[in-house]
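Read through the structure below, which is laid out as structure tokens, and then see the notes.
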Amino acid sequence: MKYFSEYDDDNNAFLDRRELRQFLNNFFGGYHIRVPITDEYVDAVFRSIDSNHDNKIQPEELTAFAKVFIGSLVTEFTNAAASMANAEEEKKE
């Protein structure tokens with residue numbers, strides 16, 4: 001909730017699109033991921049996070065999004081590391 005409240009600038013217990021944009025900029029920037037944060041992108045992400053379709057992003061919706069996103073990053077990193085290890089083993093043979 002503390003992390004969520006950093007982006008809930010108006011303290012209304014949900015994020016709007018403007019607040020989501022700031023969250024996305026910081027979230028992706030923190031992982032050094034370059035994503036064009038266009039209005040269309042923010043709108044698409046907003047719709048995908050807003051699971052109950054009330055046009056508001058509650059803390060639990062943002063948490064669910066972050067867990068899925070970070071989980072996919074971990075999976076991709078693990079797969080890339082395994083591929084690199086396999087390539088190194090093949091070079092030794």
Side-chain angles (χ1 to χ4, degrees):
M1 191 65 182
K2 179 184 173 201
Y3 190 65
F4 182 89
S5 65
E6 286 182 37
Y7 298 98
D8 183 16
D9 293 335
D10 51 10
N11 296 312
N12 59 2
F14 65 87
L15 299 185
D16 58 27
R17 282 170 173 78
R18 180 187 54 77
E19 293 163 330
L20 177 63
R21 178 185 300 274
Q22 185 61 43
F23 168 78
L24 292 171
N25 279 322
N26 292 344
F27 185 80
F28 290 132
Y31 289 98
H32 306 288
I33 299 169
R34 294 182 184 207
V35 176
I37 309 294
T38 63
D39 291 343
E40 293 79 13
Y41 182 78
V42 171
D43 193 50
V45 171
F46 190 96
R47 286 191 313 269
S48 71
I49 294 173
D50 183 20
S51 61
N52 65 2
H53 309 292
D54 65 353
N55 209 31
K56 301 173 184 175
I57 296 178
Q58 282 83 19
E60 61 275 3
E61 291 172 319
L62 188 64
T63 299
F65 165 77
K67 284 181 181 177
V68 168
F69 183 78
I70 291 169
S72 68
L73 286 178
V74 169
T75 299
E76 288 180 32
F77 177 79
T78 302
N79 290 342
S83 292
M84 289 173 53
N86 288 339
E88 287 298 317
E89 285 297 317
E90 288 177 5
K91 283 182 183 179
K92 291 179 183 178
E93 292 175 359

Supply the atom-to-atom distance [X] [atom1] to [Y] [atom2], rounded to the nearest 0.5 angstrom.
X	Y	atom1	atom2	answer
L15	F4	CG	CZ	3.5 Å
N55	F14	CG	CZ	8.5 Å
S51	I57	OG	CD1	9.5 Å

Member of N25, D43, V45, I37 meeting the side-chain contact (heavy atoms from CB on, under 4.5 Å) criterion with L20: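 Exactly one candidate clears the test, V45.
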Nearest atoms (heavy-atom pairs only) where A13 meets P59: O-CD, 3.9 Å
For the student: nearest non-hydrogen atoms of D10 and E19, plus distance: OD1-OE2, 2.9 Å
F23 and F65 aromatic ring geometry - parallel, tilted or perpendicular at 30°/60° bounds: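 Perpendicular, since the angle between the ring planes exceeds 60°.
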Ion pair D39/R21, N-O distance below 4.0 Å: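 Looking at D39 and R21, the cut-off is met.
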Any Y41 side-chain heavy atom under 4.5 Å of L24 side chain: yes
Side chain to side chain contact (heavy atoms under 4.5 Å, CB included) against [X], all qualifying residues, sequence neighbours excluded:
X	result
V68	none
N52	D50, D54, Q58, E61
Q22	Y7, N26

